[in-house]
Amino acid sequence: MRLWERASGVLKDQNSLWQANLTRRTALRNPEIEKAVIRATTHDELSFDTRHADRVCDWLRLSPFNLKPILWSLSNRVEKTSSWVVALKCLYLTHALTATRTSSVRKIGRLPFDLSSFTDAHFRPARSWSFNSFIRAYYAFLDHKSTAIFQSAAAGPDEKPGFSIARELSLLQKLQALVDLVMQIKPQARAAHVPLVLHVMDGIIVEIYDLYSRICRGIAVVLLNIYSGGKAEAAMSLAVVKKAMRQGEDLMRYFEFCQEIGVVNASDFPAIDRIPDEGIRELEEIIISLGEKNVPDQKEDPDDLSYDEKAVVVYDKGGMKTIITDDWERFEDDCLVTKSPLGANTTKKLEELPDLISF
């Protein structure tokens, strides 16, 4: 960043802070929250102010009434900026908010701002396209994730229903859609060498492992109960497993790309194992045994990978072969030491079972 650009950014941030000081506190606006958001999303390309980002998240944990002032401050910040740095920091802060797991997050729904067609106004398109595309992809994922959380809460926020294969499969399909979107977040060209972008990618890697581990565990639960399902559930389970195999291959390539550009967490996390061939054949036999009375004939999707390319681990359960997917990934003591979206070291205990989308 050139000196005059840095000085201009500092002046803009100071002017925004001055205006926030003059703001009267209402149900929609809180000067302290606004100043924390501004400081967490400055024009400084060289660093994140994680202290103020943490403070914004603390405001949300403190009271659900702080959600509206936080969203207003973020939306106002995004609408006024044409800087990729500010836009990226706003998305990063939004990502951190969705990771707080507070009940307030479930009320957000679609994000209150739109960066789907963002373009940096300070650089020529030939210089800014890689940052623009990165921000658009990041926004698409977060908007979809926030919407999924909202829809899950609307379906039954306070209920704890009994196990349902159909409900579990529906959840798995939503998680797989999120994995597809998050893998679109790939810094290219100049963006792949900017420390700010690489810092964001560390949080993306954490997100991917969280999503994919939930998918693997969910599939294990579904397959343990597959004989209690009907025709539709058997067909859905086969489609979900085949998509999970394809995503596993895509994720390995994605992690290799991230390692090449220097994303720290892409090297720190355990590798995803390939699934043994015999396990897939076992799964096919289970589906076929159900298929004679449950599963209709299906046309093979040309995009699906063949069974003999992948695998699952098979265990005996009461004399019956059942597909278990806990070994799709290697975890030590079922516990991951990771970096949170804001960079702090945290220990993430993997949940036993995924409930309705709880991120």
Side-chain angles (χ1 to χ4, degrees), residues 26-30 33-34 36-38 40-41 53 56-57 59-61 63-84 86-120 131-159 167 170-186 200 203-204 206-208 210-211 214-215 341-342 354-359:
T26 66
L28 187 61
R29 301 186 66 176
N30 182 319
I33 289 178
E34 288 184 34
V37 169
I38 293 168
T41 60
V56 175
C57 292
W59 277 105
L60 185 60
R61 296 186 186 98
S63 171
F65 295 106
N66 290 327
L67 177 63
K68 287 185 179 180
I70 290 173
L71 294 181
W72 188 93
S73 299
L74 271 170
S75 180
N76 184 59
R77 188 73 167 153
V78 168
E79 290 173 359
K80 288 184 176 181
T81 192
S82 56
S83 165
W84 73 263
V86 175
L88 181 58
K89 288 184 177 182
C90 285
L91 289 175
Y92 188 68
L93 179 55
T94 301
H95 196 175
L97 291 169
T98 64
T100 60
R101 299 179 183 266
T102 63
S103 59
S104 301
V105 171
R106 300 180 181 180
K107 300 177 182 179
I108 297 176
R110 294 292 305 271
L111 297 184
F113 52 82
D114 186 0
L115 289 170
S116 59
S117 57
F118 175 81
T119 301
D120 185 283
F131 298 103
N132 297 339
S133 61
F134 185 78
I135 287 170
R136 293 172 187 176
Y138 197 10
Y139 167 79
F141 164 69
L142 290 176
D143 189 49
H144 193 89
K145 175 184 176 181
S146 184
T147 302
I149 295 173
F150 174 81
Q151 292 174 342
S152 173
D158 299 317
E159 297 179 6
R167 186 186 302 111
S170 177
L171 167 63
L172 291 173
Q173 289 175 330
K174 292 178 181 178
L175 294 175
Q176 288 179 329
L178 286 174
V179 170
D180 283 338
L181 281 173
V182 80
M183 284 193 292
Q184 297 302 311
I185 306 173
K186 295 180 67 175
V200 169
I204 296 299
V206 174
E207 182 78 44
I208 288 178
D210 181 60
L211 290 171
R214 289 168 184 265
I215 291 170
L342 292 178
D355 53 5
L356 294 177
I357 302 179
S358 59
F359 295 90

Measuring only between side-chain heavy atoms, which start at C-beta, is [X] closer than 4.5 Å to [Y]?
X: Phe118; Y: Trp84; result: yes
X: Val37; Y: Ile33; result: yes
X: Glu207; Y: Val179; result: no
X: Phe141; Y: Gln184; result: no

Could you check whether any side-chain N or O of [X] sits under 3.5 Å from a backbone N or O of [Y], counting only pairs where one atom can act as donor and the other as acceptor?
X: Ser146; Y: Leu142; result: no
X: Ser152; Y: Ala148; result: no
X: Thr98; Y: His95; result: yes
X: Ser82; Y: Asp120; result: no

Under the salt bridge (Lys or Arg N to Asp or Glu O under 4.0 Å) rule, collect the residues that match up with [X], sequence neighbours excluded.
X: Asp180; result: Lys243
X: Asp143; result: Arg110
X: Arg77; result: Asp13

Side chain to side chain donor-acceptor pair (under 3.5 Å) against Thr102, all qualifying residues, sequence neighbours excluded: Thr100
With sequence neighbours left out, write down each residue that passes side chain to side chain donor-acceptor pair (under 3.5 Å) with Ser116, or none if nothing qualifies. Asp114
Looking only at heavy atoms, which two atoms of [X] and [Y] are closest? And how far apart?
X: Asn66; Y: Pro69; value: O-CD, 3.3 Å
X: Phe113; Y: Leu115; value: CE1-CD1, 4.0 Å
X: Ala40; Y: Leu93; value: CB-CD2, 4.3 Å
X: Val56; Y: Ala36; value: CG2-CB, 3.7 Å

For Leu67, give me all partners under side-chain contact (heavy atoms from CB on, under 4.5 Å), at least two apart in sequence or on another chain. Leu60, Leu71, Ser104, Lys107, Ile108
